[in-house]
Structure formats: C-alpha cells, structure tokens
Amino acid sequence: MHEYLSVAPAVAEALSRRHPVVALESTVITHGMPHPHNLDTARSLEAVVRAGGAVPATVAVLDGRIRVGLDGDDLERLALGGSAVRKLSRRDLPVALATGTDGATTVAATMIAARLAGIPVFATGGIGGVHRGAETSFDISADLEELARTDVCVVCAGAKAILDLPKTLEYLETRGVPVLGLGTDRFPAFYARSSGLPVPHRCESEEEVARILHAKWRLGLGGGVLTAVPVPEENAMDPDAAEAAIVHALAEAAAAGIAGKDVTPFLLARVRDITDGRSLEANVALIANNAAVGARIAVAYAALQRKTTLPPAAPTTRPRY
Ligand code: PSU
Ligand code: MN
C-alpha cells in the first residue's frame, strides 16, 4: 500500500477484480450542506451507488492519509466537523499529509485520489469553475486544471450560476476537456436544468459516455471528462429565483471581503438561506441522481474494459484502467 494512500478493503477488492467503483467527494459533506442533511446525503449516496451495482469510495484525508472508501464512523466524523474541517484542493494535499491534518477533498483533490487508487468514475453535485468577475479577481477553481490533467470522469449537474458559466466552458475547451451533456444539448446550471449554453457533445446513454472514456484514454489523451446531467425535473428550481439568490449572495460576499477558498462555501450557504432551503432540496436530489448515473457509467466502463485485451502494461507507477 502507498505511503500516503489507504484504500478500503471492499474498494481494493472490487478494483482488483475490475468491478465498477464510483468515487465520491467529501467537501460537499463538510462545506456543501449543513448537518444532518450532509450525513444523510453521504450515506444515501453510498447506498445509491451500491444499488447501481458499483462499490462506493468516498474520499477524504484522515489521520494524515488519503482514504479511499470511508466507513460510517468516518462519514459521521466529517459531517459533524462541518466547515471546521479543512477544505483540501490540490495545493493543500501535501501539507495535510505531512502535518497529519484531517481534511475534506474538493473535486480536484478527489480526482487525484481516485486516479491514485485506479478509479475512473467520480460522481458529485457541482464543480468549481471560473467565478463571475474573474477578470479582476483571478478566481478560477483548481477543479478546472484538474479536469485538464487527471484521467477521471466527473459526473455533475453542471456548475452553479454563482460562476461565470460561459467562461467556465471556454476554459474547459482551451484545456481540451470533453464536456458531455447526458440526455441534453444544454449545459445544466445545477439548480436549473439548463444554462441556455450549448454543450459541445450530447450523449444519449451511459454506455456512450463509457465508450468516449475508453477512446480518450486508449488514445493516450490524458485528462478528465466532464459528464453533465440536469437536476431531475421535479426537483429543479425556478431559474429566476435561483439567479436572484445568487446575485444577493455575491453582493454579500463582496461586501464581506470573502476571498480564496472561502468564496464557494460562503455562496453555497447564503443561497441556501436566501432560498429557505429550496436550493438544498435540489442539491440533495441532483447529487443522488448523479451517483446513480455514475454507477451506470462505471458498470458500462468496466464491461468495456473486460472486453478489451490490454497490451502489456508499460512500466508505470500508476494503476492502468
Ligand atoms: N460546487 C457546488 N457544491 C460544492 C462545491 C462546488 O455546487 O460542494 C465544492 C466542491 O468540493 C468543489 C469546490 O470542488 O467546492 C470548489 O471550490 P473552489 O471554488 O474553492 O475551487
Ligand atoms: Mn477559488
């Protein structure tokens, strides 16, 4: 086992048999939702992945190790810790491991852990992106760079309109990240089913997504794939109500001088309060939906891998998919 990485036995066993596994992040547990919704959601996401025929692997840093696959006590520890737990992105991982600090992994850090463990599919709610006003603040989430460089498929409900969605899509285009709309030709806007912006590629099925992953990585084109799935119709918010709450929250963040890694958690919490928790209901529903989609992609990708005879592995320290 890796010096800094612990893969839970059930996850390691599934990976060694090439069974489908879905990675899940932990910043959404600590910083994305309030207690006890965060714990309920963390547990139910794992159940959804299992029901879809895959093994869940929630990722966090605990006791100075990257843990891939958490147990019930670990989930509870994170959920109770809430925003007192450190939020860890790529830049923070070495510090947390060297100093033995606990932390919740963002999309970027969860992708890194998934890749180290050999898990090609990861389901979450929303990704970070280019923030509104980035032309002056330079606030661009490390999630986008991670998508450019790390070979993991991230399933999300698009990105929140707290971000500048056209610039986020431009960034992904520049960095060569395929953005797939599953069953949609519009990029979803998290609470709302559509941002109105076209996605570069529409996919009709999880099998098609799996074939695209296979083609990308067999070609040696490194990096991630973003699969965007709209929030289920019955849980979507009215786009105007969501936008009004976002505008309000952005003004508050500016007035309070919020910067750096605190921006996204601040905005998420304020939007939740301003919408009287309606945004939370949408959030819980869409993340469960993404976990189910993630399981189907993982199942389809594992089936493709079993059908393909891989050439002898080149010397590499990374697990091959
Ligand atoms: N967007 C959401 N919910 C979240 C996050 C983003 O709708 O919980 C979290 C994810 O963990 C994501 C992180 O990786 O915030 C991005 O933070 P930043 O913008 O500081 O990179
Ligand atoms: Mn940022």
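Just so it is clear, the model here is predicted, and its values are computed rather than measured. First listed ligand is number 1; within each ligand, the first listed atom is number 1. These numbers come from the heavy atoms of this one structure, side chains and all, not from hydrogens, waters or symmetry mates.
For the pair V107 and ligand 1, the shortest N or O to N or O distance falls below 3.5 Å.
Taking 4.0 Å as the cut-off, H131 counts as a neighbour of ligand 1 on heavy-atom distance.
Shown in contact with K160 at under 4.0 Å from a heavy atom are these atoms of ligand 1, numbered in order with element: 2 (C), 3 (N), 7 (O). For ligand 1, the atoms lying closer than 4.0 Å to a non-hydrogen atom of K87 are 17 (O), 18 (P), 20 (O). Residue-ligand proximity, T264 to ligand 1, at heavy-atom distances under 4.0 Å covers atoms 6 (C), 15 (O), 17 (O), 18 (P), 19 (O), 20 (O). The atoms of ligand 1 that sit less than 4.0 Å from any heavy atom of D143 are 12 (C), 14 (O), 16 (C). The S141 neighbourhood of ligand 1 comprises atoms 18 (P), 19 (O), 21 (O), with distances under 4.0 Å to a heavy atom of that residue.
Only the side chain of L268 comes within 4.0 Å of ligand 1, judged by heavy-atom distances. Proximity of E25 to ligand 1, defined as any heavy-atom pair under 4.0 Å, is confined to the side chain (atoms from C-beta onward).
Taking the charged nitrogens against the carboxylate oxygens, E135 and K167 do have a contact shorter than 4.0 Å, which makes a salt bridge.
Between the side chains of Q305 and H214, at least one donor N or O lies within less than 3.5 Å of an accepting N or O.
Among all protein heavy atoms, the one lying closest to atom 6 (C) of ligand 1 is G126 O, 3.5 Å. Regarding atom 9 (C) of ligand 1, its nearest protein heavy-atom neighbour is T27 CG2, 4.2 Å.
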